[in-house]
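Heads up: the structure comes next, in structure tokens.
Here is how names work: the chains are called A, B, and so on, in the same order as the sequence lines, proteins then strands, and each is numbered from 1.
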Amino acid sequence: MFHHIERELRSAIAAYVRAEFDASAIITTEQPKQPSFGELALPVAFQLARQLKRPPRAIAEQLRSGMPRVAGISALEIAGNGYLNVRFDRGWYGRALVDQPAGAWIQGRPGKTIVEHTNINPNKAAHIGHLRNAILGDTFVRMLRAAGETVEVQNYIDNTGVQVADVVVGFHFLQKRTPAEVAALAAEARFDYYCWDLYARISSYYGDHPEAKQWRHQTLHSIEAGEGDLAELGHIVADAIVDCHLATMLRLGIEYDVLPRESEILHLRFWATAFELLKERQAIYLETEGKNSGCWVMRGSAFSTDTENPDDKVIVRSNGTVTYVGKDIAYQLWKFGLLGKDFHYRLLKSYPDGHPVWISAIEARGEAPRFGAGARVYNVIDSRQSYLQDVVVAGLRAVGFQNAAENSTHFSYEMVALSPRTCVELGLELSEEDRKKSHVEVSGRKGLGVKADDLIDKLIATALVEVDSRHPEAPAEERRQVATRIATGALRYFMLKFTRNSVIAFDFQEALSFEGETGPFVQYSAVRARNIIRKLEERGGVMPDFAAVLTEEAMARQLRSEDFWQLLLAVSKADSAIERAVLSGEPAHLAKYAFQLAQSFNSFYHEYAVLAEEDPERRAFLLWLTDYFRSQLERTLGILGIEVPEYM
RNA sequence: GCGCCCGUAGCUCAGCCGGAUAGAGCGACUGGCUUCGAACCAGUAGGCCGGGGGUUCGAGUCCCUCCGGGCGCGCCA
């Protein structure tokens with residue numbers, strides 16, 4: 001509704017300015033600095049002042065007196081030296097919300113939006129850095145869907161890369177295990193933890209025995225050829241770890257639609273097709289001299305911002321093998337349906353909620369939906385890979401797919417590092433240098449990091465202590481479920497509260513906190529609203545007929561209270577908050593909104609006893625406001641992927 | 001060397017397309033539990049928005065420059 005009035009007002013003013021001043025201005029609306037100034041502020045007179053060479057105050061005065069009426073607006077006021085402040089008709093506004101609580105503004109862009117996230121190497125347990133990626137990606141997906149878009153969630157699996165190969169080397173060459181033995185191990189719990197340690201071991205082994213890298217090359221070769229024990233081990237490891245990752249992410253409510261795998265990209269020769277295309281369109285050329293002699297390269301000028309003498313990027317090595325970026329270009333072409341090839345698919349599994357997840361396959365099995373061929377693609381990848389993402393987009397452009405290039409977005413985010421204090425807690429030895437830093441980078445090779453499942457377990461345990469002390473009478477299983485929701489809410493909120501380009505220095509003490517700006521704070525507020533309604537029913541009461549009791553006049557009476565009005569206004573801005581977060585691509589904005597909303601309600605909750613209210617109209621109003629708040633906060637939390645526990 | 005990001009309260013961070021007196025959480029200090037359960041609320045202290053130039057009626061926000069920090073820049077993935 002807020003949104004609606006805002007839009008109506010903007011177009012009314014734009015039309016008036018065109019007619020009366022013969023000028024065009026981009027009408028922007030702002031939130032007034034103080035609530036007492038009204039609901040919206042328009043700096044339009046300042047913009048026009050320059051064009052018209054007239055003082056802003058005079059322009060504002062003309063706008064104020066001449067403007068046609070806009071429904072829902074009761075007054076325009078001039079403030080400062082030319083601000084036009086807008087006051088809403090409170091009774092009208094409140095009533096409109098009773099009639100239509102949720103906005104009908106939703107209309108997504110046409111076509112399918114592809115969001116690729118998670119993309120963890122399937123060779124070891126997921127860590128907190130991966131959590132940031134998956135939570136950001138998943139929340140962005142929920143935001144887009146809330147904005148009415150059709151979204152496909154992809155999670156790319158590099159099951160043939162060096163990282164998988166290294167773990168295979170560990171099993172085969174260091175431990176001398178057969179595929180059958182590894183398969184047995186993979187069936188046991190926490191295989192991903194086992195591989196975490198093994199990967200760190202083999203990485204350090206390479207350091208001491210450089211000649212052992214020969215094993216890696218041999219393994220990579222076997223995996224690519226798809227033959228022999230080493231290839232079989234590769235499949236066993238990668239498949240089992242993918243299962244672990246899916247399970248970890250499901251704990252946070254994160255699901256995928258399709259898992260395209262590198263093994264199928266190789267087998268179905270995606271690269272060969274892309275290579276022909278790149279050559280044909282002259283996006284790459286065969287270098288005949290200099291350091292890149294014998295390689296197929298992309299001109300540096302195609303992607304680099306260094307205008308002096310940008311380095312060319314090798315796409316195909318002089319030995320004929322393709323680089324990572326080359327494969328990525330082929331994959332990105334597929335995402336837009338521009339490669340002229342597709343995967344086959346098989347159903348990997350169905351989630352408990354019934355949602356199916358498909359995985360790429362060499363032969364078709366089952367009737368899969370049409371994957372890929374998106375109108376837009378968002379790649380959720382950390383900012384360290386921005387250079388490579390630029391090359392991929394330049395590749396699309398060079399091939400002539402301007403449109404695809406423009407619709408490719410690197411949804412980047414900064415890394416998650418560890419606070420020095422947390423490193424100490426983890427028993428890691430820090431150098432003098434590290435100790436002074438504000439954060440220390442995680443390293444999979446060194447096994448340095450916080451595993452996702454460990455963190456979730458720790459959060460649940462911490463939450464359970466609180467739940468147990470508050471609700472000792474509740475069944476143990478139920479308490480555990482409540483603690484789980486609190487824990488995952490805390491974790492998701494923690495990862496979302498920072499804007500994307502801020503480095504997170506992960507700190508246990510901070511992440512395990514349930515007070516202040518945290519997920520549980522917001523959940524608690526929703527629980528309180530629910531409690532009011534539940535208590536009402538427990539006492540034999542029923543919800544009043546809001547449509548009958550809360551007439552426009554009644555609303556106007558109740559909303560004379562500044563406290564009620566401000567809360568109502570804040571709640572009614574959910575749509576605006578969602579839209580703003582989608583437009584800015586910043587889930588943190590929505591998280592912040594949820595927090596502020598919770599704050600407003602908590603203060604209201606403290607001040608006013610809803611059920612004890614004796615005046616029937618006022619009581620009905622308070623109940624309606626409480627329920628309206630509850631529904632809008634729950635909707636917002638749902639988009640953040642945060643569930644509300646039954647009690648706290 | 002080149003490129004990208006960051007620098008705002010003691011700490012961690014917000015600050016929407018440039019707009020009115022720069023905000024929140026934590027920490028510190030004062031108060032508030034007779035249950036719609038305090039995982040909360042009310043209040044106090046705390047800021048040269050890294051420095052310096054510029055553009056503008058107006059700059060935390062845009063431009064230039066310097067300082068400090070992070071991350072990239074391979075015929076690795």
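Counting only N and O atoms by type, the side chains of A:R470 and A:Y647 include no donor and acceptor under 3.5 Å apart. Looking only at atom types and distance, the side chain of A:Y331 has no donor-acceptor partner in the side chain of A:E262 under 3.5 Å away. Using modelled atom types, one finds a donor on one side chain and an acceptor on the other under 3.5 Å when comparing A:Q31 with A:K573.
Interface remark: the A:R384 side chain does not form any donor-acceptor pair with the B:C71 base, using a distance-only criterion of under 3.5 Å. One cannot find a donor-acceptor pair under 3.5 Å joining the base of B:C17 and the side-chain atoms of A:T28. Looking at A:N85, its side chain comes within 3.5 Å of the base of B:A20 through a donor and an acceptor atom. Counting atom types as modelled, A:E517 pairs no side-chain N or O with a base atom of B:U12 as donor and acceptor under 3.5 Å.
Here B:C4 presents its P atom at 19 Å from CE of A:M415, a figure rounded to the nearest Å. Regarding A:K497, its NZ atom lies at a distance of 7 Å from the C1' atom of B:U12, rounded to whole Å. Per the geometry, CD belonging to A:Q47 stands 16 Å off P belonging to B:G58, to the nearest Å. Between the CZ atom of A:F595 and the C1' atom of B:C13 there is a distance of 12 Å, rounded to whole Å. Rounding to whole angstrom units, CD1 of residue A:I504 and C1' of B:C6 are separated by 14 Å. Taking atom CG of A:L496 as the reference point, atom C1' of B:A24 lies 17 Å away to the nearest angstrom. Taking atom CD of residue A:E586 and atom C1' of nucleotide B:C13, one finds them 12 Å apart after rounding to whole Å. For the pair A:Q523 CD and B:A39 C1', the interatomic distance rounds to 10 Å; values are reported in whole Å.
Looking at which nucleotide of RNA chain B each of A:R216 and A:N501 is closest to, the 5′-most match is held by A:N501. Taking the nucleotide of RNA chain B with the nearest heavy atom to each of A:I27 and A:E441, the more 5' of the two is matched to A:I27.
Counting non-hydrogen atoms under 4.0 angstrom, A:F498 reaches the backbone sugars and phosphates but no base. Looking at heavy-atom distances under 4.0 Å, A:F37 makes contact with a base. Nucleic acid contact for A:E510: sugar-phosphate only, since backbone atoms but no base atoms lie under 4.0 Å from a heavy atom of the residue. Counting any heavy atom pair closer than 4.0 Å across all strands shown, A:T160 reaches no nucleic acid atom. A:A41 comes within 4.0 angstrom of a base, heavy atoms only. A:A588 comes within contact range of no nucleotide atom at all, as no heavy-atom separation falls under 4.0 Å. Nucleic acid contact class of A:H471 (heavy atoms, under 4.0 Å, all strands): base. As judged by a 4.0 angstrom heavy-atom cut-off over every strand, A:L583 is placed among residues making no nucleic acid contact. Backbone-only contact: A:D158 has heavy atoms under 4.0 Å from sugar-phosphate atoms and none from a base. Base engagement by A:V610 is indicated by at least one non-hydrogen atom pair under 4.0 Å involving a base atom. At the heavy-atom level, A:R539 lies under 4.0 Å from the strands shown only through sugar-phosphate atoms.
Figure legend: cation-pi geometry between A:R445 and A:Y199 absent, as NZ or CZ is not positioned both under 6.0 Å from the six-membered ring centre and within 45° of its axis. For the pair A:R528 and A:F601, the NZ or CZ position fails the cation-pi test of under 6.0 Å to the six-membered ring centre and within 45 degrees of the ring normal. Cation-pi check for A:K279 over A:F275 is met; the charged atom lies under 6.0 angstrom from the ring centroid and within 45 degrees of its normal.
The side chain of A:H589 contributes an N or O atom lying less than 4.0 Å from OP1 or OP2 of B:G15. For B:A77, neither phosphate oxygen OP1 nor OP2 lies less than 4.0 angstrom from any side-chain nitrogen or oxygen of A:N121.
When both distances must be under 3.5 Å, the Watson-Crick or G-U wobble mate of B:G23 is B:C13.
With B:G70, B:A14, B:C75 as the choices, the nucleotide that has an atom nearest any side-chain atom of A:H439 turns out to be B:G70. Checking B:G74, B:G15, B:A20 against the side-chain heavy atoms of A:K313 singles out B:G74 as nearest. Checking B:G70, B:U12, B:A77 against every side-chain atom of A:L388, the shortest atom distance belongs to B:A77. Among B:C71, B:A39, B:A14, the nucleotide with an atom closest to any side-chain atom of A:V467 is B:A39.
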In B/S/- notation (B base, S sugar-phosphate only, - none; protein heavy atoms under 4.0 Å), nucleotides 40-47 of chain B written 5' to 3' is SSS-----
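A:E414 and A:R384 are not joined by a salt bridge, as no carboxylate oxygen comes within less than 4.0 angstrom of a charged side-chain nitrogen. Using a 4.0 Å cut-off between charged nitrogen and carboxylate oxygen, A:R87 and A:E77 count as a salt-bridge pair.
Between A:R534 and the choices A:I532, A:N531, A:L536, the side-chain contact (heavy atoms from CB on, under 4.5 Å) rule is met once, by A:N531.
Base orientation at B:C40 is anti, since its O4'-C1' glycosidic dihedral falls outside 90° of 0.
Taking each heavy atom of A:P544 and A:L623 in turn, the nearest pair found is CD-CD1, 3.7 Å.
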